[in-house]
Trainee: 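Sending over a structure as structure tokens; questions will come in a sec.
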Amino acid sequence: MSDAIKIRYRTPRPGLISGLARSLGILLAGIGTAFLFFVSAYPLGLVSAYPAPPAAATEGPLGFGQDIGNIQDLYRGPDEPMQAYLDRLTKAVAGGMVHYWTEGDSWAATDTRYTRISVFDNYLLWMLSFRPEYRENLQNYEFATPRKALDRGYGFCSQVSKIVYSILADQGIEATIYAAPAHTVVQSNGYVLDPDYGVFVPQSLAEIQQDPSIIDSYYAQFGTMLPLLKEAYAQSWQPLGTPEGYNGLRAYEAKFERLKWAPPLMLLAVGMLLVTGGMVLRLREDKAQSVPPPISGAP
């Protein structure tokens, strides 16, 4: 009698475990699938991660003159002369970006929704941007990875300069970002590249600094801005960052780009394992229950 009672209380347990495993697995797989869809939405073009900046804050000389679909189009052709390539690169990047002017041309907290890394772009960095030690950097963030910056579509002169610099550095072409209080440009092979205005000047920054009137013909279409640009070029220029620093920043962005996929994929994988384990347990139960009991009195 006691043995029968023990058997009666033991048999439901495997069924309960397999049922719980499958239910939990389905739940986790569902959450993982939804999470994966959320992470994939921006790369697949299903959502716009970054809002368009207000028209009053954009003064891109070329604006979205030419959308840059394939990043490889920005690389130098096999037989393309260096000067012609640097000119083309400068104009192409300027055509694919809009210059975003903050109020008073100085970043403020009200610019955060435009300059912070979006939750759709990378939710990990987005969450880090609320921590005090990361807030200053991640709420006013400029990408070192060209594709990330171009996908956002707007930025300051320092942002477009980082795009050009990274593309040149990827090809092993010498380049340096130089910043003055009023502007940021790239110098490569003794030439000045201004991707903010889409202007290529076949003179060195030192030569222009000594004689700012050199830029008159190159910036002729921006007549109202010319006095300010000449004043900027006459100022002292300093390198903005180092090759090691930009390489580290690219690695940082690449690492978090990989990490953002880990949680949804892990949830999905664990969920599928639990569902599979629950089904295996259920099959074992059914098989065990299908075995006939031994005949009483059998030798």
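If you read the sequence from its start, that first residue is 1, and numbering goes on from there.
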Trainee: Looking at E133, I want to see if its CD is surrounded by more than 12 non-hydrogen atoms of other residues, nucleotides or ligands under 6.0 Å.
Mentor: yes

Trainee: Between CD of E257 and CG of L125, what distance do you get to the nearest 0.5 Å?
Mentor: 9.0 Å

Trainee: Rounded to the nearest 0.5 Å, what separates atom CE in M279 from atom CG in L274?
Mentor: 13.0 Å

Trainee: Would a 4.5 Å heavy-atom cut-off, applied to side chains only, mark L205 and V185 as touching?
Mentor: yes

Trainee: Could you check whether E253 and T145, counting side-chain N and O atoms only, form a donor-acceptor pair closer than 3.5 Å?
Mentor: yes

Trainee: With heavy-atom distances below 4.5 Å as the criterion, would you say the side chains of F256 and L128 are in contact?
Mentor: yes

Trainee: Taking the side chain as every heavy atom from C-beta outward, state whether T115 and F156 have any atom pair closer than 4.5 Å.
Mentor: yes

Trainee: Side chains of residues 161-169: which donor-acceptor partners sit under 3.5 Å, not counting sequence neighbours?
Mentor:
from: S161; atom 1: OG; to: C157; atom 2: O; distance (Å): 2.9
from: S161; atom 1: OG; to: T184; atom 2: O; distance (Å): 3.4
from: K162; atom 1: NZ; to: E142; atom 2: OE1; distance (Å): 2.9
from: S166; atom 1: OG; to: A144; atom 2: O; distance (Å): 2.7
from: S166; atom 1: OG; to: K162; atom 2: O; distance (Å): 3.0

Trainee: Which heavy atom of S236 sits nearest to which heavy atom of P181, and what is that distance?
Mentor: O-CD, 4.2 Å

Trainee: Roughly how far apart are N122 CG and W261 CH2, rounded to 0.5 Å?
Mentor: 10.5 Å

Trainee: Can you name the nearest heavy-atom pair linking T112 to A109, along with the distance?
Mentor: OG1-O, 2.7 Å

Trainee: Are Y75 and E80 linked by a side-chain donor-acceptor pair shorter than 3.5 Å?
Mentor: no

Trainee: Look up atom CD in Q238 and atom OG1 in T176, then write down how far apart they are to the nearest 0.5 Å.
Mentor: 12.0 Å

Trainee: F120 and ring pair (Phe, Tyr, Trp, His ring centres under 6.0 Å): which partner among F38, Y42, F37?
Mentor: F38

Trainee: Looking at M266, I want to see if its CE is surrounded by more than 12 non-hydrogen atoms of other residues, nucleotides or ligands under 6.0 Å.
Mentor: no

Trainee: For residues Y50 and D151, is any side-chain donor paired with an opposing acceptor at under 3.5 Å?
Mentor: no

Trainee: Do the non-hydrogen side-chain atoms of W126 and D121 ever get within less than 4.5 Å of each other?
Mentor: no

Trainee: Are Y197 and H183 an aromatic pair by the rule of ring centers under 6.0 Å?
Mentor: yes

Trainee: Just checking F200 against Y191, ring centres under 6.0 Å apart?
Mentor: yes

Trainee: Do the side-chain N and O atoms of Q159 and Y141 include a donor-acceptor pair separated by under 3.5 angstrom?
Mentor: no

Trainee: To check you understand the geometry: which heavy-atom pair defines the closest contact between S18 and G278, and what is its length?
Mentor: CB-O, 3.3 Å

Trainee: According to the salt bridge (Lys or Arg N to Asp or Glu O under 4.0 Å) rule, which pairs have a member within residues 163-186, sequence neighbours left out?
Mentor: D170-R250

Trainee: Does a side-chain heavy-atom distance below 4.5 Å link R152 with M97?
Mentor: no

Trainee: Tell me which pairs pass salt bridge (Lys or Arg N to Asp or Glu O under 4.0 Å) where either residue lies in residues 221-236, with sequence neighbours left out.
Mentor: D216-K230

Trainee: Given the rule in the side-chain hydrogen bond (donor to acceptor under 3.5 Å, both in side chains) test, do Q210 and Y233 qualify, once you have shown the distances and angles that lead to the verdict?
Mentor: CA-CA 9 Å; Q210 292 179 0; Y233 273 107; over 6 Å; no

Trainee: Can you establish whether the number of heavy atoms outside Y252 located under 6.0 Å from its atom OH is more than 12?
Mentor: yes

Trainee: Please examine the side chains of N140 and D111, heavy atoms only from C-beta on, and report whether any two atoms are closer than 4.5 Å.
Mentor: no

Trainee: Do Y246 and I177 touch side chain to side chain, with heavy atoms closer than 4.5 Å?
Mentor: yes

Trainee: Minimum heavy-atom separation for S129 and Q139, please, with both atom names.
Mentor: O-NE2, 3.2 Å

Trainee: Do Y178 and L240 have side-chain heavy atoms sitting under 4.5 Å apart?
Mentor: no

Trainee: Is V275 reachable from L265 through a run of I, L, V, M, F, W or Y residues, each pair having side-chain heavy atoms under 4.5 Å apart?
Mentor: no

Trainee: Within this structure, what is the CD-CD distance for the pair Q203 and Q187, rounded to the nearest 0.5 Å?
Mentor: 11.0 Å

Trainee: What do you reckon, is CE of M82 surrounded by more than 12 foreign heavy atoms closer than 6.0 Å?
Mentor: yes

Trainee: For a quick test of reading the model, state the closest non-hydrogen atom pair linking F35 to L267 and the distance between them.
Mentor: CD1-CD1, 4.0 Å

Trainee: Return the OH to CG distance between Y219 and L226, rounded to the nearest 0.5 Å.
Mentor: 9.5 Å

